[in-house]
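The figures that follow rest on heavy atoms only: side chains count, while hydrogens, waters and symmetry mates do not.
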Amino acid sequence: MDKLFLKKDLVTGYKLTQDGVLTYIALRAIMDQSIPLYNKTSVVDCISVNRMAFALVGSQEKYEKVLLDSLQRGIYELKFANEIRVLQDLSTKTSNEYLLDFSNLYLDTERERFVTIFSEEIYKILACEGVMKKKISMLKYFVAIVSTFNWSKSMRKLQGKIGTMSMEYIALQADISSRTCIRYNDILTEMKMIY
């Protein structure tokens with residue numbers, strides 16, 4: 001079970017849309033899988049939109065256009081937020097590829113606030129039945145929920161399993177309405193991802 005560490009201020013609130021969060025999660029997953037990026041022996045890598053989709057949902061015959069378009073928009077969003085530098089756009093008519101500088105995506109878990117999510121959770125949300133656009137929004141919502149969990153040692157067995165923030169607060173963190181939260185809660189409960 002791969003655990004991903006995400007910058008809390010990036011994945012919650014208004015800094016990034018759901019597309020930016022999706023792309024950020026994909027790039028963080030790629031960083032953990034790439035030995036040179038992980039060890040910081042290199043901070044530059046060639047990334048395609050298909051590679052990011054693979055990092056999120058594994059191999060598939062064909063990735064949904066909505067997913068690929070969302071990842072594509074997320075690249076530009078992260079670029080404008082100064083989280084990545086696009087050193088070279090290698091895109092052609094049929095594929096989107098970039099030479100990226102990952103320097104700003106590194107996370108210091110000693111100093112920065114972070115959210116932890118598992119790759120299985122990402123896959124479960126993006127591979128479930130439903131419209132991809134809604135699943136991408138639900139992923140941002142799930143990350144917002146997880147960001148409110150109490151990780152203090154005093155929680156013992158319940159550490160990282162209980163959040164005490166209101167639905168209104170989580171809705172703000174996920175940039176969606178409270179009604180959408182209720183709908184997503186029902187789906188996530190059915191999937192046994194929240195209780």
Side-chain angles (χ1 to χ4, degrees), residues 2-34 37 43-57 63-91 95-109 112-119 121-127 130-148 169-177 180-181 184 188:
D2 295 335
K3 191 190 273 192
L4 283 178
F5 293 90
L6 310 171
K7 291 181 186 179
K8 185 173 179 172
D9 70 322
L10 268 187
V11 293
T12 59
Y14 302 110
K15 190 164 185 176
L16 296 177
T17 68
Q18 63 195 30
D19 296 338
V21 170
L22 180 76
T23 303
Y24 172 68
I25 291 171
L27 292 175
R28 286 290 305 165
I30 289 168
M31 287 172 78
D32 285 358
Q33 294 161 3
S34 164
L37 287 175
V43 294
V44 175
D45 204 345
C46 185
I47 301 295
S48 73
V49 173
N50 282 316
R51 174 67 184 96
M52 289 188 288
F54 175 77
L56 295 169
V57 294
Y63 297 110
E64 281 189 47
K65 185 174 177 357
V66 174
L67 176 65
L68 298 176
D69 289 348
S70 186
L71 289 165
Q72 172 77 32
R73 286 189 301 271
I75 286 283
Y76 291 105
E77 207 175 304
L78 288 168
K79 176 187 169 187
F80 292 121
N82 290 321
E83 294 301 324
I84 57 170
R85 279 187 30 238
V86 177
L87 302 175
Q88 209 173 342
D89 187 335
L90 305 167
S91 300
S95 77
N96 296 302
E97 254 183 304
Y98 308 92
L99 199 59
L100 299 180
D101 180 334
F102 283 77
S103 301
N104 294 341
L105 288 186
Y106 287 96
L107 174 67
D108 182 350
T109 54
E112 295 178 83
R113 292 175 46 199
F114 62 91
V115 178
T116 308
I117 186 170
F118 293 95
S119 52
E121 295 168 327
I122 298 163
Y123 175 80
K124 206 169 179 181
I125 290 170
L126 295 177
V131 179
M132 182 55 77
K133 191 172 173 58
K134 288 185 177 148
K135 292 189 282 188
I136 293 168
S137 171
M138 187 163 55
L139 177 62
K140 183 175 181 185
Y141 174 67
F142 181 73
V143 172
I145 291 175
V146 172
S147 77
T148 66
Y169 175 81
I170 297 170
L172 278 172
Q173 294 301 298
D175 196 15
I176 57 175
S177 70
T180 303
C181 287
Y184 288 168
L188 292 168

Run the side-chain contact (heavy atoms from CB on, under 4.5 Å) test on Cys181 and Ile176 for me, step by step, so that the C-alpha distance in whole Å, both residues' side-chain angles and the decisive distance to 0.1 Å come before the verdict. CA-CA 7 Å; Cys181 287; Ile176 57 175; 3.9 Å; yes

task: Tell me yes or no: between the side chains of Glu77 and Thr17, is some donor less than 3.5 Å from an acceptor?
output: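 A pair is found: one side chain offers a donor N or O, the other an acceptor, under 3.5 Å apart.
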
Quiz prompt | Pair Asp89, Ser91: side-chain N/O donor-acceptor within cut-off below 3.5 Å | solution =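 Per modelled atom types, Asp89 and Ser91 side chains form a pair under 3.5 Å.
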
Rounded at 0.5 Å granularity, tell me how far [atom1] in [X] sits from [atom2] in [Y].
{"X": "Tyr106", "Y": "Phe102", "atom1": "OH", "atom2": "CZ", "answer": "8.0 Å"}
{"X": "Asp108", "Y": "Phe114", "atom1": "CG", "atom2": "CZ", "answer": "10.0 Å"}
{"X": "Cys46", "Y": "Leu99", "atom1": "SG", "atom2": "CG", "answer": "6.0 Å"}
{"X": "Ser119", "Y": "Ile25", "atom1": "OG", "atom2": "CD1", "answer": "11.5 Å"}

Check [X] against [Y] and note the closest heavy-atom contact, atom names and distance.
{"X": "Met31", "Y": "Leu105", "value": "SD-CB, 3.6 Å"}
{"X": "Leu107", "Y": "Arg28", "value": "N-NH1, 3.9 Å"}
{"X": "Asp175", "Y": "Gly13", "value": "CB-O, 4.4 Å"}
{"X": "Tyr141", "Y": "Ala174", "value": "CA-CB, 3.7 Å"}
{"X": "Leu16", "Y": "Ala81", "value": "CD2-CB, 4.3 Å"}
{"X": "Glu64", "Y": "Met132", "value": "OE1-CB, 3.2 Å"}

How about [X] and [Y]: do any of their side-chain heavy atoms sit closer than 4.5 Å?
{"X": "Ile117", "Y": "Leu6", "answer": "yes"}
{"X": "Leu100", "Y": "Val86", "answer": "yes"}
{"X": "Glu97", "Y": "Asn50", "answer": "no"}
{"X": "Met52", "Y": "Ile30", "answer": "yes"}
{"X": "Leu4", "Y": "Thr116", "answer": "no"}
{"X": "Val21", "Y": "Leu139", "answer": "no"}

task = Quick one: do Phe142 and Tyr184 satisfy side-chain contact (heavy atoms from CB on, under 4.5 Å)? Show the steps, please.
result = CA-CA 9 Å; Phe142 181 73; Tyr184 288 168; over 6 Å; no

Using modelled atom types only, decide if a donor and an acceptor are shared between the side chain of [X] and the backbone of [Y] within a distance under 3.5 Å.
{"X": "Thr23", "Y": "Leu71", "value": "yes"}
{"X": "Tyr24", "Y": "Lys7", "value": "yes"}
{"X": "Ser147", "Y": "Ala144", "value": "yes"}
{"X": "Lys135", "Y": "Leu126", "value": "yes"}
{"X": "Glu121", "Y": "Phe118", "value": "yes"}

For atom [atom1] of [X], decide whether the heavy atoms of other residues, nucleotides or ligands shown that lie under 6.0 angstrom number more than 12.
{"X": "Lys8", "atom1": "NZ", "value": "yes"}
{"X": "Lys124", "atom1": "NZ", "value": "yes"}
{"X": "Tyr123", "atom1": "OH", "value": "no"}
{"X": "Arg85", "atom1": "CZ", "value": "no"}

Taking side-chain hydrogen bond (donor to acceptor under 3.5 Å, both in side chains) as the definition, give me every residue that meets it alongside Gln72, ordered by chain and number, with sequence neighbours left out.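 With neighbours one apart ignored, the set is Asn96, Tyr98.
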
Matching residue for Ile84 among Asp101, Leu27, Asn104 - test: side-chain contact (heavy atoms from CB on, under 4.5 Å):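 Only match with Ile84 under side-chain contact (heavy atoms from CB on, under 4.5 Å): Leu27.
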
- Message: side-chain contact (heavy atoms from CB on, under 4.5 Å) for Met138 and Leu188? Distances and angles first, verdict last.
- Response: CA-CA 9 Å; Met138 187 163 55; Leu188 292 168; 4.1 Å; yes

- Task: Go through Thr12 and Leu172 one step at a time and tell me if the side-chain contact (heavy atoms from CB on, under 4.5 Å) criterion holds.
- Result: CA-CA 8 Å; Thr12 59; Leu172 278 172; over 6 Å; no

**Q.** Residue list, side-chain contact (heavy atoms from CB on, under 4.5 Å) with Ser34, at least two apart or on another chain
**A.**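 In terms of side-chain contact (heavy atoms from CB on, under 4.5 Å), with neighbours along the sequence ignored, Ser34 is linked to Pro36, Leu37, Asp45.
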
Scan for salt bridge (Lys or Arg N to Asp or Glu O under 4.0 Å) pairs involving residues 10-26, sequence neighbours excluded, and state none if there are none.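 Those involving residues 10-26 are Lys15-Glu83, Asp19-Arg73.
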
